[in-house]
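Below is one structure, written out as structure tokens, with a few remarks after it.
Every chain is numbered from 1, with letters handed out A, B, ... down the list of sequences. Keep in mind that what you see is a predicted model, and the values were worked out from it rather than measured.
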Amino acid sequence: MGAFPVVHWADVVAEKLAMENRRHVLATAITPSGPIHVGNLREVMTTEAIYRALKDRGAEAELIYIGDTFDPLRKVYPFLPEEYEKYVGMPLADIPCPCGEHENYAMHFLEPFLESLKDLGVRPHVYLAHEVYRKGIYNEAIKVAMDNAGKIREIMNSIAHRGLPETWMPFNVKCEKCGKLNGEIVAYEWPLASYKCKSCGFEGEVDLRKGGAGKLPWRVDWPARWKIFGVTFEAFGKDHAAAGSSWDTGKVIVKEIFHHPPPMPLVYEFIHLKGRGAMHGSTGVAVSSEEVLRMLPSEVLRFLFMKYEPNRHIEFDTGFGLLDLVDEYDRYERIYFGLEGETAGTKDARRVYELSQPHSIPSRMPLSIPYRHLAVVAQIGRNFEEVVEILSRKHEIKDFDMERLRERYEKIKYWLENYAPEEIKFQLMHEKPDVELSEEDIKFLSALKKKMEELEWEAEKIHTCIHDTAKEVGISAGKAFRAIYRIMLGRDKGPRAGYFLQSLGRDFVLRRIGEFI
RNA sequence: GGGCUCGUAGCUCAGCUAGGUAGAGCGACAGGCUCUUAACCUGUUGGCCGGGGGUUCGAAUCCCCCCGAGCCCGCCA
């Protein structure tokens with residue numbers, strides 16, 4: 001097994017799957033009932049990593065994503081207008097798009113998510129549940145389920161301790177009158193079923209062969225899917241893994257009803273927003289995948305998932321932790337390119353780095369600017385070109401690096417505007433700020449102004465000039481810098497003074513000092 | 001009541017699936033860079049490994065109990 005050391009979790013799972021020596025179908029599914037957040041994303045990323053690891057071993061594998069577009073809307077979520085009350089119970093694909101620009105409600109949330117997947121280099125075969133049903137692909141499974149309703153009921157009652165009544169049937173009809181998935185079957189003889197709608201009271205009869213006539217309940221739908229798509233592996237959140245939960249009933253139903261083996265399972269933990277608990281669409285503790293990609297390079301987001309084993313919960317921090325995460329990624333990159341040794345804190349660094357690449361692995365070590373530093377420079381330069389100019393003083397920026405630098409610049413700008421803690425933000429005071437200065441501060445500034453009038457306006461020179469002047473006036477350098485930051489930013493600390501003042505321009509600096517002496 | 005997962009330095013986490021006197025990053029602190037920014041470099045600090053038992057010559061690592069945290073156990077997915 002030399003080429004792929006079996007240490008990374010994705011390789012461990014892939015190794016096991018590969019031993020089965022057959023074609024694999026790895027399934028993922030998410031219900032687009034609201035913004036699809038990074039917590040949900042973990043399911044896809046985890047599965048995709050294993051998919052890649054399988055391919056790396058030469059196994060034949062397919063990655064599929066099933067959008068649960070045929071699920072009913074459960075309630076009016078906080079982000080929805082009240083009028084959506086009338087759609088509760090209807091399939092997501094039948095409900096109008098909240099913004100009016102997508103085909104339907106489901107696509108409103110699904111499309112940006114699928115876009116994110118593209119950025120992340122994930123290209124699954126996408127199926128939409130409402131289409132799968134409509135095309136009649138479920139028909140066989142529906143018949144088997146209906147014909148075995150009694151057995152399914154027993155399984156559910158014994159494993160999940162449900163008190164399902166004798167009359168329970170494993171199918172919810174979509175009411176022809178109100179369009180909700182609340183039609184309860186009262187009589188059945190394949191292929192016809194009579195139902196009564198629990199929502200509007202309508203009574204009717206449907207031909208179950210007509211695609212989209214209704215839907216299998218989740219606990220039956222899931223195992224049916226394993227058979228229909230030949231799923232051999234599926235990762236799911238621990239909510240499905242609790243005792244008596246859908247995995248417990250599903251693995252029995254698929255064997256005994258559909259006569260098909262269950263896939264290999266993998267339970268993954270949830271993602272928490274630092275300090276706010278597990279992400280949950282309905283509680284508002286969530287950041288959508290597309291939103292995260294606005295502030296974090298895609299390879300770093302992948303890195304977040306690859307680094308931790310699936311059974312660890314992840315603390316996602318949109319504050320300073322985000323900077324640390326990027327810097328940590330860069331560290332793994334240096335290790336990958338041999339510029340730094342692997343240490344106790346890094347785990348499977350090379351493999352994690354490989355799996356973090358959305359597309360191909362860079363042919364050589366990319367330029368890496370400490371992200372924290374970039375956060376500062378991005379606030380000094382007024383645009384990307386200026387930022388490049390500032391960075392060029394210390395770093396050699398090649399064309400090769402420009403694209404990544406631009407992406408990082410744009411993302412950190414977004415982060416600064418929307419998520420960054422106040423401590424790292426600074427803003428040039430365009431008007432004279434209201435700050436306290438001491439006698440010696442003023443003495444220092446006066447002397448500084450005089451010297452600066454003659455000074456060559458260059459960062460290093462400015463820096464030295466500040467120190468020289470401080471010494472001459474007999475004020476500590478600390479106080480000197482503080483005075484400068486106070487009159488420029490209205491606070492005690494700031495970015496490297498030399499570069500900072502240089503970028504502000506001599507005129508501005510002299511004028512501002514003049515306002516205080 | 002039940003299931004799964006987790007509890008290691010201020011923070012985020014390695015180490016625990018072949019038991020052998022605690023690790024990384026960040027932070028903080030100090031120093032360096034021909035003179036103290038939030039760059040960069042170096043160093044220091046910092047943990048009775050949630051608690052208690054047991055197995056062992058020896059346990060963060062194995063077993064048992066307890067405490068704490070998270071999510072779940074709805075004809076919802």
Looking at [options], which one has an atom nearest to any side-chain atom of [X]?
X        : options             : result
A:Val376 : B:A38, B:C75, B:C6  : B:A38
A:Leu164 : B:C75, B:C6, B:C72  : B:C75
A:Glu269 : B:U5, B:C13, B:A39  : B:U5
A:Glu315 : B:C40, B:C13, B:A77 : B:C13
A:Asp68  : B:C13, B:A77, B:C40 : B:A77

Next on the checklist: Looking at A:Trp168 and B:C75, is any side-chain donor or acceptor paired with a base atom of the opposite kind under 3.5 Å?
Outcome noted: yes
Next on the checklist: Please determine whether any donor N or O and acceptor N or O are separated by less than 3.5 Å between the side chain of A:Lys238 and the base of B:G3.
Outcome noted: no
Sticking with atom [atom1], work out how far [N] lies from [M], rounded to a whole angstrom.
N     : M     : atom1 : result
B:C66 : B:G1  : P     : 10 Å
B:A59 : B:G53 : C1'   : 13 Å
B:U17 : B:G50 : P     : 15 Å
B:A69 : B:C33 : C1'   : 46 Å
B:G23 : B:U8  : C1'   : 10 Å
B:G52 : B:G7  : C1'   : 16 Å
B:G58 : B:G20 : P     : 14 Å
B:U44 : B:C26 : C1'   : 16 Å

Value in whole Å for how far the [atom2] atom of [N] lies from [atom1] of [X]:
X        : N     : atom1 : atom2 : result
A:Tyr268 : B:G70 : OH    : C1'   : 15 Å
A:Tyr332 : B:C13 : OH    : P     : 12 Å
A:Lys215 : B:C76 : NZ    : P     : 10 Å
A:Ile314 : B:G70 : CD1   : P     : 18 Å
A:Asp317 : B:G10 : CG    : C1'   : 14 Å
A:Asp239 : B:C73 : CG    : C1'   : 11 Å
A:Trp247 : B:A77 : CH2   : P     : 18 Å
A:Lys307 : B:C13 : NZ    : P     : 7 Å

How would you label the contact of [X] with the nucleic acid (heavy atoms, under 4.0 Å): base, sugar-phosphate, or nothing?
X        : result
A:Asp468 : base
A:Tyr308 : sugar-phosphate
A:Pro165 : base
A:Thr464 : base
A:Asp324 : sugar-phosphate

According to the Watson-Crick and G-U wobble definitions, with both distances under 3.5 Å, which nucleotide is paired to [N]?
N     : value
B:C75 : none
B:C26 : B:G10
B:C4  : B:G70
B:C48 : none
B:U17 : none

May I ask you to evaluate whether [X] reaches the phosphate of [N], defined as a side-chain N or O under 4.0 Å from OP1 or OP2?
X        : N     : result
A:Arg372 : B:C26 : no
A:Arg331 : B:U12 : no
A:Asn311 : B:C6  : yes

Next on the checklist: With the 90 degree cut-off around zero defining syn, does B:A18 come out syn or anti?
Outcome noted: syn
Item to check | SB check A:Glu328 A:Lys307 (cutoff 4.0 Å) | outcome: yes
Checklist outcome for this item: On a heavy-atom basis, the closest approach of A:Ser33 and A:Phe79 is O-CZ, 3.7 Å
Checklist outcome for this item: Correct closest heavy-atom pair for A:Leu181 and A:Gly214 would be CD2-CA, 4.2 Å
Checklist entry - So which one's nearest nucleotide on RNA chain B is more toward 5', A:His313 or A:Val267? => result A:Val267
Next on the checklist: Using heavy-atom distances to pick each residue's nearest nucleotide on RNA chain B, tell me which of A:Asp71 and A:His373 is more 5'.
Outcome noted: A:His373
Going by the angle between their ring planes, with limits at 30° and 60°, are [X] and [Y] parallel, tilted or perpendicular?
X        : Y        : result
A:Phe303 : A:Tyr329 : perpendicular
A:Phe337 : A:Tyr353 : perpendicular
A:Trp222 : A:Trp226 : tilted

Checklist entry - Is A:Lys451 atom NZ crowded by more than 12 heavy atoms from other residues, nucleotides or ligands, each under 6.0 Å away? => result yes
Next on the checklist: Using side chain to side chain contact (heavy atoms under 4.5 Å, CB included), reason through A:Asp330 and A:Tyr371 one step at a time and then give a plain yes or no.
Outcome noted: CA-CA 9 Å; A:Asp330 286 350; A:Tyr371 214 51; 5.5 Å; no
